[in-house]
K.L.:
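The structure follows.
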Amino acid sequence: MTIIITGTSTGIGFALAEYFGKKGHSVFGLSRKNVESTYFKTIPTDITDNLQVQNAVSEILKTEKKIDVLINNAGMGMVGAVEDSTQEEILKLFNLNLVGSVQMMNAVLPSMRAQKLGKIINISSIGSEMGLPFRGFYSASKSALDKVTEAIRYEVSPWNVDVCTLHLGDIKTKIAENRVKTKVSEPYQKAFDKIYAIMNAHVDDGTEPAEVAAYIEKLLPKKSWKAHYYFGKFGQKIGVPLKWILPQNFYENLMKRYNKMD
Ligand SMILES: NC(=O)c1ccc[n+]([C@@H]2O[C@H](COP(=O)([O-])OP(=O)(O)OC[C@H]3O[C@@H](n4cnc5c(N)ncnc54)[C@H](OP(=O)(O)O)[C@@H]3O)[C@@H](O)[C@H]2O)c1
């Protein structure tokens, strides 16, 4: 298969690209930094720049003639209080996590529609299902991608193109280093410091990125997809159905306890 994966210079994307490359697939990684790998080819691309996205996809189509799978993985986190977040920070985050992923879908869809076949996985987060304290805009950016995914599924299904989101729990990567970090103001400092330590500890204690690859490998051959899949530790995945079934205030109190908030 020809597989495009975004955000392959580090973390989950790198693990996915190596995994599928080793399995003999033709893998193209799109990230700003070039990485040398025996198993996949990097096309240096900033996915927030639509021209670069179009050029990269054209280059792949010239040699491969078709694209079977797109894994929209490039993304970043953001931490800080809602009140402290600047317009510039919020737009930077949405420009990558939402707009960049949409540009990637739009670039591969013409060829997928023409061949009447294609699969797109948008990497989301378990945190997109709830507004996480001090990560409100990260939750919102991934939640926006979830909703776009739900919508586009209706639109492209006539051409046998399937799209889903894969909501991940904490995965052991350098995401914490690459986050947008809002300047924390004094009123929020104490609560922020506590949660920041907890969220970083969760990432350090997260699942190995290669396990995401093995999960996606099982997902790819499925005949038709659901809109949403969830992968991560039980304690994180369970937060999603609990939110659906528990009374709202009870759920919020549980979340406060999980995040050690007073
Ligand atoms: N790690 C977790 O716990 C976790 C949990 C839930 C969801 N996720 C999601 O999983 C995805 C991967 O995260 P990760 O943990 O692997 O993070 P990471 O290690 O920080 O990797 C992010 C990747 O995105 C690429 N990227 C950033 N901006 C880009 C741009 N403008 N154009 C192209 N590529 C760009 C980076 O490459 P360059 O800098 O070279 O461009 C890098 O390869 C993200 O969407 C994240 O939100 C992660």
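All ligand and atom numbering here is 1-based and tracks the order in the structure.
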K.L.:
Could you list the atoms of ligand 1 found under 4.0 angstrom from a heavy atom of Leu96?
P.N.:
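Reading through ligand 1 atom by atom, the close ones are 27 (C), 28 (N), 29 (C), 30 (C), 31 (N).
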K.L.:
Under the side-chain contact (heavy atoms from CB on, under 4.5 Å) test, which residues partner Thr182, sequence neighbours left out?
P.N.:
Met78, Asp84, Ser85, Glu89
K.L.:
I need the minimum non-hydrogen distance between Thr48 and Leu96, along with the two atoms involved.
P.N.:
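Residues Thr48 and Leu96, closest heavy atoms: CG2-CA, 3.9 Å.
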K.L.:
Contact between ligand 1 and Thr6 is defined here as a heavy atom of the residue under 4.0 Å from a ligand atom; is it met?
P.N.:
no
K.L.:
Between Val203 and ligand 1, does any nitrogen or oxygen pair lie at a separation below 3.5 Å?
P.N.:
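Among all N and O atoms of Val203, none is under 3.5 Å from an N or O of ligand 1.
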K.L.:
Which ligand 1 atoms are under 4.0 Å away from a heavy-atom of Gly11?
P.N.:
16 (O), 19 (O)
K.L.:
What atoms of ligand 1 come within less than 4.0 Å of a heavy atom belonging to Thr45?
P.N.:
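Listed by number with element: 32 (N), 33 (C).
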K.L.:
Checking side-chain contact (heavy atoms from CB on, under 4.5 Å) against Met112, which of Leu117, Ile120, Val163, Asn160 comes through?
P.N.:
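For Met112, the side-chain contact (heavy atoms from CB on, under 4.5 Å) test succeeds with only one of Leu117, Ile120, Val163, Asn160, which is Ile120.
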K.L.:
Which bit of Ser124 gets closer than 4.0 Å to ligand 1, counting heavy atoms only: side chain, backbone, both or neither?
P.N.:
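It is the backbone that gets close, since no side chain atom is under 4.0 Å.
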K.L.:
Are His202 and Tyr258 an aromatic pair, judged by ring center distance below 6.0 Å?
P.N.:
yes
K.L.:
For atom 42 (C) of ligand 1, find the nearest protein heavy atom and state the residue, atom name and distance (0.1 Å precision).
P.N.:
Thr10 OG1, 3.2 Å
K.L.:
Return the residue, atom name and 0.1 Å-rounded distance of the protein heavy atom closest to atom 35 (C) of ligand 1.
P.N.:
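Its nearest protein heavy-atom neighbour is Ala74 CB, 3.8 Å.
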K.L.:
With atoms numbered from 1 as shown, which atoms in ligand 1 lie under 4.0 angstrom from a non-hydrogen atom of Asp170?
P.N.:
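Numbered from 1, ligand 1 contributes 3 (O).
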K.L.:
I'd like to know whether ligand 1 has Gly77 as a neighbour, heavy-atom separation below 4.0 Å.
P.N.:
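It does not; every heavy atom stays at 4.0 Å or beyond.
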K.L.:
What about Phe192 and Tyr196, are their ring centers closer than 6.0 Å?
P.N.:
yes
K.L.:
Could you tell me the residue and atom name of the protein heavy atom closest to atom 3 (O) of ligand 1, and the distance to it rounded to 0.1 Å?
P.N.:
Ile171 N, 2.8 Å
K.L.:
If we only count heavy atoms from C-beta on, is the Ile60 to Leu30 side-chain gap below 4.5 Å?
P.N.:
yes
K.L.:
Please determine whether any non-hydrogen atom of His202 lies less than 4.0 Å from an atom of ligand 1.
P.N.:
no
K.L.:
Measure from atom 28 (N) of ligand 1 to every heavy atom in Met76, Arg179, Arg32, Lys33 and give the option owning the shortest one.
P.N.:
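Looking at heavy atoms only, the winner is Arg32.
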K.L.:
Is the closest heavy atom of Gly169 to ligand 1 under 4.0 Å?
P.N.:
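So Gly169 counts as touching ligand 1.
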K.L.:
What distance do Met76 atom CE and Leu93 atom CG have between them, rounded to the nearest 0.5 Å?
P.N.:
6.5 Å
K.L.:
In the protein, what heavy atom is nearest to atom 44 (C) of ligand 1, and what distance, to one decimal place, separates them?
P.N.:
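Of every protein heavy atom, Asn73 O, 3.2 Å lies nearest to atom 44 (C) of ligand 1.
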K.L.:
Walk me through it: do Val203 and Lys172 pass the test side-chain contact (heavy atoms from CB on, under 4.5 Å)?
P.N.:
CA-CA 5 Å; Val203 173; Lys172 207 187 286 180; 5.7 Å; no
K.L.:
With sequence neighbours excluded, tell me which residues meet salt bridge (Lys or Arg N to Asp or Glu O under 4.0 Å) with Lys243.
P.N.:
none
K.L.:
Which residue and atom name correspond to the protein heavy atom nearest atom 8 (N) of ligand 1, and how close is it?
P.N.:
Tyr138 OH, 3.6 Å
K.L.:
Using a heavy-atom cut-off of under 4.0 Å, does the side chain or the backbone of Lys142 touch ligand 1, or both, or neither?
P.N.:
side chain
K.L.:
Any side-chain heavy atom of Glu83 sitting closer than 4.5 Å to one from Tyr188?
P.N.:
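Yes. Closest side-chain heavy atoms under 4.5 Å.
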K.L.:
Is there a side-chain contact between Ile43 and Glu59 in this structure, where contact means two heavy atoms from C-beta onward sitting under 4.5 Å apart?
P.N.:
yes
K.L.:
Considering the heavy atoms of Ser31, write down every atom of ligand 1 situated less than 4.0 Å from one of them.
P.N.:
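Taking each heavy atom of Ser31 in turn, ligand 1 has 33 (C), 34 (N), 37 (O), 40 (O), 41 (O) under 4.0 Å.
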K.L.:
What are the atoms of ligand 1, with element, lying closer than 4.0 Å to any heavy atom of Thr8?
P.N.:
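Once the distances to Thr8 are compared, the set is 43 (O).
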K.L.:
Quick check on contacts: which atoms of ligand 1 are under 4.0 angstrom from a heavy atom of Asp46?
P.N.:
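Selected atoms, number and element: 30 (C), 31 (N), 32 (N).
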K.L.:
Heavy atoms, side chains only, cut-off 4.5 Å: are Phe40 and Phe14 in contact?
P.N.:
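Counting from C-beta outward, Phe40 and Phe14 do come under 4.5 Å.
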K.L.:
Specify the protein heavy atom at minimum distance from atom 20 (O) of ligand 1: its residue, its atom name, and the distance to 0.1 Å.
P.N.:
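Checked against all protein heavy atoms, atom 20 (O) of ligand 1 sits closest to Asn178 ND2, 2.7 Å.
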K.L.:
Can you tell me which residue and heavy atom of the protein come closest to atom 16 (O) of ligand 1, and the distance to 0.1 Å?
P.N.:
Ile12 N, 2.8 Å
K.L.:
Tell me which protein heavy atom sits closest to atom 15 (O) of ligand 1, plus the residue, atom name and distance to 0.1 Å.
P.N.:
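So the nearest neighbour among protein heavy atoms is Thr173 OG1, 2.5 Å.
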K.L.:
Quick one, His228 and Tyr230 - any side-chain contact, counting heavy atoms below 4.5 Å?
P.N.:
yes
K.L.:
Please evaluate residues Ser101 and Asn122 with respect to the criterion side-chain hydrogen bond (donor to acceptor under 3.5 Å, both in side chains), reporting the C-alpha separation (whole Å), side-chain torsions for both, the decisive distance (0.1 Å), and the verdict.
P.N.:
CA-CA 7 Å; Ser101 297; Asn122 290 325; 5.2 Å; no
